[in-house]
Amino acid sequence: MSRFSHLEFDRHQPAADSPPAGESVRDEYAHVEAAHQAWLAGDFEQALREYSRALGANNVFLPGWSGQLRMLVELDELPEALLWADKALELFPEHPELLAAKAVASARNLDFEKAIMYSDNAMSRERTTGYIWLARGEVLLAGGLGRAELCMDNALNLETADVPALRLEVGRTWLRYRRYVDALGPLRQSAVELPASALAWYALGACSAALGLPETAAHLDRALELQPGMEAARRARMAFQRRGPISRLRARLARRPNR
Amino acid sequence: MRCPRCEFENIPGVKTCIRCGSVMEAETPIAIDPPRAPPWKKRVRRLVRPLAARGSLITPPSMAITLEGRLFGHDVSGITWQDAGEGAKHLLQRCERVLQSLVPGLPWFLRGDYRIFRRTAGLWLGLFLMMVFWYGTGAGQLFRGLTVAVHAMLIGYANGLGQVRRWWRRLAIALLLLYAVWMPYRMIARAFPVGQMNIEIPAQGLLAEDDVVGWRGAVQFPVNVTRGAVVLGRLPQMQVPGRGVYVRGGTVAPVQVIGLPGETLRLASGQFHVDGVPLPVDAYPVPPSLQQVEELEFSVPAASYLVSSSFLLDLPTRNRLVREEEVVANVVVLPASSLEARAVLRWYPILRRGFLPPNP
């Protein structure tokens, strides 16, 4: 070792684990943005991978943990999401967004008591975000407790919220709980606001299919055009083509408001 | 150092935020890849989730019940039960929970407590498999008892037996549960009786002292009891020929059906004959003690079967402590109602386990 080895010159040496030359370096924010784009494209697996990469860049990056949780819930891996929420909460104790995500996972796992408890805890914190109100709405919907509309409105009316994505989430939540008439408005608007999102078009198509609207095929085709490998959209398209008299009758009944 | 969560400016070097407790910089490596569920698990969860939605299948409307008249001599007019609908809902939920608990470990599976599910269902399944493996022996009975005990315990704890305060109440409920759970297991044992062969049937690969397992469901009178089939028959009361004593019956033992109702059979030169046609010896063996007999003729009455075996019968004596003699009953006419089950499995020895031919 030379005696000048500890001197600090203004030199730039690539680190051993840095990407090879020619490849752009992506920080955690870039990964989160990529994850968001993958989510908008309806590719939840890819979104989850991107959130994991974001955590690879910075393992105490909150949006990465929160995003992973939400993707696990999207992928219907609820016990895993609950487990992961506990782990995230060890790093960020009682963080409202993580608690809200855990409440949603519990609600979808049909554990309403815990869902309400986590949601209450999340709501009692200082800063409430759109997602926390959305989670509250979903918990109330899942438990059949009413007043979900108020929570959804609050989620969209928060100034800081990413409104188009949240509106899409609100529409998808209504859709999930078969409130098709309520879902149609936000989903139509989100398709206008996010015209390049396959998820938005698919959700709108699924809602239109449930209501038996003639524009269903166009919506689902648009989703498939944007994301040709979207299996759910392809299946929904085929099911819409083959729908029989019972499906038509169900759609007619679903069109009645305030069911 | 700024906290990533609350943006509080902390003293450099702290591990957690002083204000909100969040981790500032993880020194030890943190796992960043979440646990994943395999596709089959997701499919199973989707299937069972509707079962876990308690009370979601039937939701009674909210209603109020107002009583009128007298009940046990008391005037109950005007007493109103406001939450009758809620009560009915709770009752339905309770019934659903009890039904779920009948499957060992299912309540924990539906609740998402997979660790407890694996332990409870695994314990029960292990005992059940051991019970099946050693079926028909003392060890099998021991495992049956353990399986019943574990099953009853799981049902009890899934329905809140642990919360019953008084020990004698808990004991009484546990005993009742044990008895209730014992019943279906007893029915299994009754449906599949076990017996030891007394004769050798080479064509069916059965040796003397092989144990066979029968199935009651396989005997549908009078259609499917064919000639040559091994069935488990209940021995009737018999008079020992030439001795004038009656023997108490009731033993269930495997026998081979030789003669069908209404037939006349002849035994000559160590072979059975039906309508003059000899039956092959390896498929229809003659019991050893009858092989020296010159000639015998049997007529089978209606709704009865001629069966061949080697029953060992204890003769009653004046001194009950002494077994005086054993008499062999070789060929017996059994009424159709005494044929209890058809042998379907060669069970012991273990190495020769296998199915018996359905149409010998």
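Proteins come first, then strands; the chains are lettered A, B, ... in the order of their sequence lines, and each starts at number 1.
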Legend entry - Crowding at CD1, B/Ile350 (>12 non-hydrogen neighbours, <6.0 Å): yes
Legend entry - Under 4.5 Å from a heavy atom of chain B, the part of A/Leu75 involved: both
Legend entry - Other residues, nucleotides, ligands: >12 heavy atoms within 6.0 Å of B/Met183 CE: yes
Inset, instruction - May I ask you to check whether over 12 heavy atoms, not counting those of A/Glu231, lie within 6.0 Å of atom CD? - result: yes
Legend entry - Ionic contact status for A/Glu45 with B/Arg36, cut-off 4.0 Å: yes
Inset, instruction - Can you establish whether the number of heavy atoms outside A/Arg147 located under 6.0 Å from its atom CZ is more than 12? - result: no
Legend entry - Other residues, nucleotides, ligands: >12 heavy atoms within 6.0 Å of B/Tyr114 OH: yes
Legend entry - Heavy-atom pair with the smallest gap, counting every atom of B/Ile32 and A/Ser52: CD1-O, 3.6 Å
Inset, instruction - Check whether A/Arg108 gets within reach of chain B through its side chain, its backbone, both or neither, counting any heavy atom under 4.5 Å. - result: backbone
Inset, instruction - Kindly indicate whether the side chain of B/Arg45, heavy atoms from C-beta on, has any atom under 4.5 Å from the side chain of A/Pro79. - result: yes
Inset, instruction - Look only at the side chain of A/Glu77 and the backbone of B/Pro38, and say whether a donor-acceptor pair between them is shorter than 3.5 Å. - result: no
Legend entry - Which atom of A/Leu48 lies closest to which atom of B/Pro34, heavy atoms considered: CD1-CG, 4.0 Å
Legend entry - For the student: nearest non-hydrogen atoms of B/Pro35 and A/Leu72, plus distance: O-CD2, 4.0 Å
Legend entry - A/Leu78 side, atom CG; B/Lys42 side, atom NZ - distance, nearest 0.5 Å: 9.5 Å
